[in-house]
Trainee: 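I have a structure here, written as structure tokens, and I will follow up with some questions on it.
Heavy-atom basis, side chains included; hydrogens, waters and symmetry copies ignored. Residues: numbered from 1 along the sequence shown.
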Amino acid sequence: MIKNKSKRTPDKIKNVFPNEKVLHNFSTLDQTQILKEFNLVNFGLTNEEYKNRLEKYGKNELDKSRFSWFSEFMKAFFGPFNIILMLILAFNVVSFSTGNFGTEEGGPEIFDYIGVVIIATMIISSGTMSLVQSAKSFFITKKLGNIVNNKATIIRHQNDDDLLTYTTVSQTNQLGLIKLGEEIDVRELVPGDLIYLSSGDMVPADVRIVRSTDLFINQSSLTGESMPVEKHANNSIDTENILDLENICFTGTSVISGSAIAIVVGTGSNTYFSTISKSIMEKRPVSSFEKGVKNVTRMLIIFMLIMIPIVLTINGITWTLNGKDASDAWVTATLFAASVAVGLTPEMLPMIVTTNLASGAARMAKNKVVVKKLESIQSLGSIDILCTDKTGTLTNDKIELIDFVTTDKKRDERLLKLLYINSYFQTGLKNPMDKAVIDYISNNSQISSNFLDSVTKIDEIPFDFNRRKLTIVFKTDEVGTTMVTKGSVEEVIDSCTKVYYQGKVVELDDDLKRQMLAYNDSINEEGKRLLGIAYKDITDGKSTFKVEDEADLIFFGFASFLDTPKPSAKKMIKLLDKYGVQLKILTGDNEHITRSICKMVDLKITGLVTGKEIDEANEVQLRRMVEENNIFVKLNPLQKVKIIKVLKQNDHIVGFMGDGINDAPVLRQSDVAISVNNATDIAKDASDIILLEKSLLVLEKGIVQGRTIFGNILKYMKITTASNFGNVLSMLIVAPLLAFSPMEPIQLLFQNLLYDLSQFAIALDRVDDTFVAKPQRWNAKSLVPFTLINGPVSSVFDLLTFVIAGFGLGYIPDYNNAANAANSELMAQAKAQFNASWFVVGLLTQAWVVQIMRTEKIPFIQSRAPWPVMLSTGVVTGCAFIFAFTPAATLLKMQSPPLWYAPIVLGILLGYVGLAQAVKVGYIKIYHSWL
């Protein structure tokens, strides 16, 4: 089911690579058409042609922009939220400068500055973080540009004497006929340039191959897949994935082996690679954590702006009617309202959040997880969908030899030795399968590589694109000279006339051939890569061999390979399901391999979609498609970005785990970006969290940690808001009955400070299992009922305190007594004692309500707080009694009530705790949740 709680119209998802159709078109043209397309009369551009094209297309640069520190500074520090904070800060500064803040005697106290410091810290920290993130995004893109910052070998003419005119490149018999000595900076390339590529070169632009020799390209920077791909000059059959075009090479990929002449068809911002750069350069979307904090803060500000006028009006009118000078009454009421505003708002929220996140980051570091962005810990706990690339994340990104069997499916050590000899002695491209064979022998104690001491290499027939096989001829004292061939199963079978079957060599008939090809198809459908191995004895004494000699071979067997899953992948998938997180695979690999990996890790496939289907779907179809399917194959990086965007539009909080350059745009688009330690630098730069261990099980710890941290942040925010609201409500009720404020601003701020400092221990608190069991996200609306229902509970006992302290102890009658009115000293004493009585109850109820509200269970019985939380409650309790019942009260302009009032305070506290627990139980029954 598609969730869409947002009322705004979702952004339309577009194909962000506008030249995709152009490249598809170039891939279908033959050489003559390609040269004609670029108006190439000569074999290479002349200087005049180059100058004209440079003026038209510009330099081959990924990005020309510069970072504007001033512009980014203004955006970072002068957002709407920061402007509101600056206005509050300005108000407090003006109050200080006029001497109208603090006690009624005037002049700011040390505690009055705390709110100012906190607000200034919020402005500076949020602005700085935003500026740092903008700069970081820019310089990541610059690092991407360095990937192709090198030289290119170009075919260009200096003067007319150099001109070679050919209708097609194939008319040149040898590459040696062409002058290839000139190397230029890749930034000087223009569309229409002819370049020469050879082993080790980085492809400097999007190019169309016009001639090649055994060309293998590493496209891992774009696809994430480690297996090199063959490229050639033949017209390409149109494919669903642009990266599968066989005659197009892309900027940022590299030549593993072979050589080619290619024509530049895209440079600079018109290359496929530039779209990745642009995606990374885009400002990162606001994370779920940032959205949540903003929404909650906005609601708190609205709440504060509603309450301040009410407090101001009631107190101003009341104190004026009670005979106080009107101007003094309204100034005092204004300053008291400002103190109430500070008390209403959980101003320690930024520090509490940072403390919780920093504590969580330290705990995760012990589990070998690097947290680069603190907010990402909470985001990790909030995700309900985790998208991941397959290669390097679910799998080890290392091809392994899985099995080696003869035609009748039996393991044979001789087959393995022949395979090893072929892989070890070949001098061409050692692809990951060759390395897998060599590693297998090195790690297998049953077979020693020492047998190579008796092997002498005679000759080699290298691999090429047409034959799709490679042959080694070797000699041993035991068996003489032997030819061993490995390669594509179909091609190897075509070179065989016999087969080793059931322990003997027999003729290769049609039935056996069908059986062998059927096995090949079945293994491919399992997602494994299969090679065929054949051999024959050489008895004629030859020492040099040609392709024609690869005939009359004996088919020996098969070798299967697979990028195996990480050992922890299967358990991780179960744990994600346990914690309510859906897993979706976004990979550039094909369907067969992906299905095989999913089967190995016990991931149930609910539906599978290709990159082509993603591009062809309209917006409505796409939003349904990403919900109903969990496997997405043959994707390019831009299609992955599209999927993440649509999932977020469907109101999901999305994490993405990837490790390649191709994953950088997707990592930046996600709510929380995760990479592994062996990821590329660019992927790690774009990530929020980096796993240092190969095991994926640390993700579970991260999710639990994130939800625990979020739970503790919610505890502080909700409990503090409810508690502060209750205190303010109490003062609003009693204000008409008093000729003075229940507490001075200095007392209110100090009470708030003690409470807030004690809440740092919440960072070390435990969270209920029911909270950790499912994804959690900010819900600003839930703050209102929580506050309005739980807050007034404290007001009940504040009013009880008012009755006991005000009338039972006689402080209010003494203060209002006409006979005592002229005695300012007696009035001050009554007022100071009432303030102390109110202060001690208010602080104790705030401190102890944490024990009730920190858990949905019964406190002390079903859920016991850890010792730091117990200690903080004990310290605040001690401070309450010290500042109320000792000479320390005078520091806060209070006077101690009699000691027999202390048991009454304890009785009020016990009654409050009991009622708070009862209200909590009722709230949970109504709303079916607590935090």
Side-chain angles (χ1 to χ4, degrees), residues 15-29 31 33-35 37-38 40 44-45 50 53-54 56-64 141 144-155 169 184-198 201-212 215-223 229-236 238-239 241-256 260-279 588 636-639 661-662 665:
N15 185 346
V16 290
F17 182 51
N19 289 344
E20 183 167 345
K21 291 183 179 179
V22 176
L23 284 185
H24 274 286
N25 179 54
F26 282 140
S27 71
T28 60
L29 301 178
Q31 292 182 7
Q33 293 169 322
I34 282 287
L35 296 174
E37 186 78 20
F38 284 94
L40 289 180
L45 298 177
Y50 162 70
R53 295 181 187 226
L54 181 64
K56 179 180 180 180
Y57 297 106
K59 288 193 172 185
N60 181 31
E61 296 177 319
L62 286 181
D63 184 56
K64 298 179 180 178
T141 308
L144 261 179
N146 293 335
I147 291 177
V148 289
N149 187 16
N150 51 21
K151 299 288 184 181
T153 303
I154 191 140
I155 303 169
V169 177
I184 64 168
D185 192 306
V186 296
R187 292 176 295 182
E188 304 300 321
L189 289 175
V190 294
D193 259 326
L194 287 171
I195 63 172
Y196 176 69
L197 297 171
S198 60
D201 286 346
M202 188 74 75
V203 179
D206 287 355
V207 299
R208 162 65 154 87
I209 301 169
V210 291
R211 181 174 179 180
S212 65
L215 182 65
F216 284 83
I217 298 291
N218 182 348
Q219 291 192 152
S220 62
S221 61
L222 299 179
T223 65
V229 294
E230 294 170 299
K231 298 282 185 176
H232 53 82
N234 298 337
N235 288 18
S236 180
D238 199 15
T239 68
N241 191 338
I242 189 175
L243 298 176
D244 289 338
L245 295 174
E246 296 174 342
N247 54 17
I248 300 290
C249 296
F250 299 90
T251 308
T253 60
S254 58
V255 180
I256 297 295
I261 294 175
I263 185 169
V264 175
V265 296
T267 58
S269 60
N270 291 322
T271 62
Y272 187 84
F273 194 78
S274 73
T275 58
I276 295 180
S277 173
K278 290 174 184 175
S279 298
N636 61 47
L638 307 182
Q639 290 162 342
I661 296 173
N662 62 304

Trainee: Supply the atom-to-atom distance Leu197 CG to Cys249 SG, rounded to the nearest 0.5 angstrom.
Mentor: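 The SG atom of Cys249 is 6.5 Å from CG of Leu197, to the nearest 0.5 Å.
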Trainee: Under a plain distance cut-off of 3.5 Å, with no hydrogens placed, do Asp206 and Thr251 share a side-chain donor-acceptor pair?
Mentor: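 The answer is yes; a qualifying pair exists.
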Trainee: Tyr50: which residues meet the ring pair (Phe, Tyr, Trp, His ring centres under 6.0 Å) condition with it, sequence neighbours left out?
Mentor: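 Partners of Tyr50 under the ring pair (Phe, Tyr, Trp, His ring centres under 6.0 Å) test: none.
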Trainee: Do Phe216 and Lys231 have side chains that approach each other closer than 4.5 Å (heavy atoms only, starting at C-beta)?
Mentor: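 No; the side chains remain at least 4.5 Å from each other.
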Trainee: Cut-off 3.5 Å, side chains only: do Tyr272 and Asn636 have a donor facing an acceptor?
Mentor: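 There is such a pair (donor and acceptor under 3.5 Å, judged by atom type) between the side chains of Tyr272 and Asn636.
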Trainee: List the atom of Leu189, the atom of Ala152, and the distance in Å for their closest heavy-atom pair.
Mentor: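 Shortest heavy-atom separation between Leu189 and Ala152 comes out as CD1-CB, 4.2 Å.
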Trainee: Is the shortest side-chain heavy-atom distance between Glu230 and Leu215 below 4.5 Å?
Mentor: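 SC-SC contact between Glu230 and Leu215 ruled out.
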Trainee: Looking at CD of Gln219 and CG of Asp244, how far apart are the two atoms once the value is rounded to the nearest 0.5 Å?
Mentor: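 Going from CD on Gln219 over to CG on Asp244, the span is 7.5 Å.
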Trainee: Where do Ala233 and Ser212 come nearest, in terms of heavy atoms and distance?
Mentor: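 Taking Ala233 first and Ser212 second, the nearest heavy atoms are N-OG, 3.7 Å.
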Trainee: Hey, does Val203 have a side-chain heavy atom less than 4.5 Å from the side chain of Phe250?
Mentor: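 Of all side-chain heavy-atom pairs linking Val203 with Phe250, none is under 4.5 Å.
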Trainee: Apply side chain to side chain contact (heavy atoms under 4.5 Å, CB included) to residues Tyr196 and Arg211 and explain how you reach the verdict.
Mentor: CA-CA 10 Å; Tyr196 176 69; Arg211 181 174 179 180; over 6 Å; no
Trainee: Which heavy atom in Ile248 sits nearest to a heavy atom in Ser27, and how many Å separate them?
Mentor: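 Heavy-atom minimum between the residues: CG1-CB, 4.0 Å.
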Trainee: Is there a side-chain contact between Ile195 and Ile261 (heavy atoms, below 4.5 Å)?
Mentor: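 In short, these two side chains do not touch, never coming nearer than 4.5 Å.
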Trainee: Taking the side chain as C-beta and beyond, is there a heavy-atom pair between Val265 and Leu23 under 4.5 Å?
Mentor: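 Yes, side chains in contact.
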Trainee: Heavy atoms only: give me the nearest Asn60-Gly268 pair and the separation to one decimal.
Mentor: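 Shortest heavy-atom contact: OD1-N, 2.7 Å.
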Trainee: Using the salt bridge (Lys or Arg N to Asp or Glu O under 4.0 Å) rule, collect all pairs that involve residues 188-198, keeping only residues at least two apart or in two chains.
Mentor: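 For residues 188-198: Lys59-Glu188, Arg156-Asp193.
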Trainee: On a heavy-atom basis, which atom in Pro191 and which in Leu45 lie closest, and how many Å separate them?
Mentor: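 Heavy atoms of Pro191 and Leu45 come nearest at O-CD1, 4.5 Å.
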Trainee: Would you name the heavy atoms of Ile154 and Leu194 that are closest together and state the gap between them?
Mentor: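 The answer is CG1-O, 3.5 Å.
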Trainee: With a 4.5 Å heavy-atom cut-off, do Asn247 and Arg208 have their side chains touching?
Mentor: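 Answer yes - side chains close enough.
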